[in-house]
There are 2 protein chains.
Amino acid sequence: MNSFKALRKEELKQMSDNKKTKIIKKGDVIFKEGERLSGVFCVRNGISKLSKMSDNGRDQIVKLAQKGEVLGQRSVIASETANLSATALEDMEVCFIPKNHIEEPLQTNPVFTNAVLKHMAQDLKYADDIIVNMAQKTVRQRLAEVLMYLEDNFGLDGEGYLYLQLSRADIADVVGTATELLIRTLTKFKKESLVSTSGKRIKIEDKKALYNIVEGL
Amino acid sequence: MNSFKALRKEELKQMSDNKKTKIIKKGDVIFKEGERLSGVFCVRNGISKLSKMSDNGRDQIVKLAQKGEVLGQRSVIASETANLSATALEDMEVCFIPKNHIEEPLQTNPVFTNAVLKHMAQDLKYADDIIVNMAQKTVRQRLAEVLMYLEDNFGLDGEGYLYLQLSRADIADVVGTATELLIRTLTKFKKESLVSTSGKRIKIEDKKALYNIVEGL
DNA sequence: CGATCCGTTGATCAACATCAATTTTTGTGG
DNA sequence: CCACAAAAATTGATGTTGATCAACGGATCG
């Protein structure tokens, strides 16, 4: 998963000598689109959203990042300002790595560079898939897919509810729709016994049926 | 643009000794999603579409690639089957480069690897932007954006029409809608004197107004 | 010169956005 | 722990946008 495993020992040492661990509270912004980043943020704990404001004023969540993922890497590699904003969805622990500690091994350590490259190739594939989904699928299909994604990637709590408790507005921003329609679609799922809720918590009751919805059946 | 400029002379020589130039006719498929690629295709001439079939059976065009761009690179780097299909929109000339001639310099030539990495970072940024557009903008906004994209990237013919003559169905597959709605939206643009047409050819008459539409005004 | 593909239009229904209003939950100071 | 303000969740009503099916003319190509 993490490209840093490809670093040499002395590179890792130098990095950990310079890393600063930050505690970030739920709701706080790690960086905003348009900012010039002086390094990357490695997620030690907690989950963050990567989002971008559309011209029409609505936020779109492009990716959810958890432990082990690196934020801001693309911008540092491309020497550009951030294209996305990163916001904590839970209390987080991240460590900041100055960009020169990324750039240098990129020049000198091919194993590291290749690991980063493969990781980005994965991200690009996922992004292409999301484009197709956004363009071609209904809100109903996309919500079904997002719910399964949340279960598969962030797991369940002790009672079988999705571990990651997103607000309805955040789920809507992942699906790419208005909060009201998101809620209505979720309500339909409840009536069809595909999911159940307890407060803001959501439990998937019939994963197979959700899967069929994604496939358009 | 092209990462191959970062290759050493001997690497380029070895590559050109092994490259096979192929002529591909308009409409022909270069590779299909799901295929395992044994190398990459460098576009020498002509334009191709990269598309993916959605579960609901409709094609989505994710990218248009022209001279100098490399097709299949992501799949080869990630050692995966192709995520997208590549189809010629015009008669094309491509050269095939076996994957070992890509993989080897990736291991040994950091300058090349970094060039590829930066290129992919760009692709990823564009992909994220498209996700936001698909999720948040109307067909009208997206069509306006696509028309300007076609002008900016592929230019005009001698009479001021868009050089790249896509079929209505292909434009619809870029925008992410049905052909009928695409045509209706284009007809509205004509009535508002934003564009004009001659046969399948399209001319942008009021670029600034199109830009305002994209911005949601 | 017919067959086929492409472009276009009409009609209809479903999906989605938006505004308004109400209820519920949450956070916070006393 | 309670009260109260603020934020979030929910529902209704309404208008717009988009998908789909059907039909038809015109171009294209063997």
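In what follows, chains are A, B, ... by sequence order, proteins preceding strands, each numbered from 1. Computed over heavy atoms, backbone and side chain alike; hydrogens, waters and symmetry mates excluded.
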OP1 or OP2 of [N] sitting under 4.0 Å from any side-chain N/O of [X]?
| X | N | value |
| --- | --- | --- |
| R142(B) | dG18(D) | no |
| R168(A) | dT25(C) | no |
| R140(A) | dC16(C) | no |

Distance in angstrom units between [X] [atom1] and [N] [atom2], rounded:
| X | N | atom1 | atom2 | value |
| --- | --- | --- | --- | --- |
| K137(A) | dC16(C) | NZ | C1' | 18 Å |
| I202(B) | dG7(C) | CD1 | P | 10 Å |
| N56(B) | dA15(C) | CG | C1' | 14 Å |
| K25(B) | dC29(D) | NZ | P | 13 Å |

Is the backbone N or O of [Y] less than 3.5 Å from a side-chain atom of [X], with the two atoms forming a donor-acceptor pair by type?
| X | Y | value |
| --- | --- | --- |
| R74(A) | L124(B) | no |
| Q60(A) | V174(A) | yes |
| N56(A) | Q136(B) | yes |

Of the listed nucleotides [options], the one nearest the side chain of [X]:
| X | options | answer |
| --- | --- | --- |
| T177(A) | dA17(C), dC19(C), dG18(D) | dA17(C) |
| T138(A) | dA9(D), dT9(C), dA15(C) | dA15(C) |
| V139(B) | dG18(D), dA9(D), dA22(D) | dG18(D) |

Quick one: do D157(B) and R201(B) make a salt bridge, cutoff under 4.0 Å? yes
K52(B) and D129(A) ion-paired at < 4.0 Å: yes
By nearest-heavy-atom nucleotide on DNA chain D, the more 5' of G199(A) and A135(A) is G199(A)
State whether the number of non-hydrogen atoms from other residues, nucleotides or ligands found under 6.0 Å of R168(B) atom CZ is greater than 12. yes
Within a reach of under 6.0 Å around OH of Y149(B), are more than 12 heavy atoms found that belong to other residues, nucleotides or ligands? yes
On the side chain of E180(A), is there an atom forming a donor-acceptor pair with the base of dC19(C) - under 3.5 Å, no angle test? yes
Using a 4.0 Å heavy-atom cut-off across all strands, classify I183(B) as base, sugar-phosphate, or nothing. base
DNA chain C contacts made by residues 184-198 of chain B, counting heavy atoms under 4.0 Å: R184(B), T187(B)
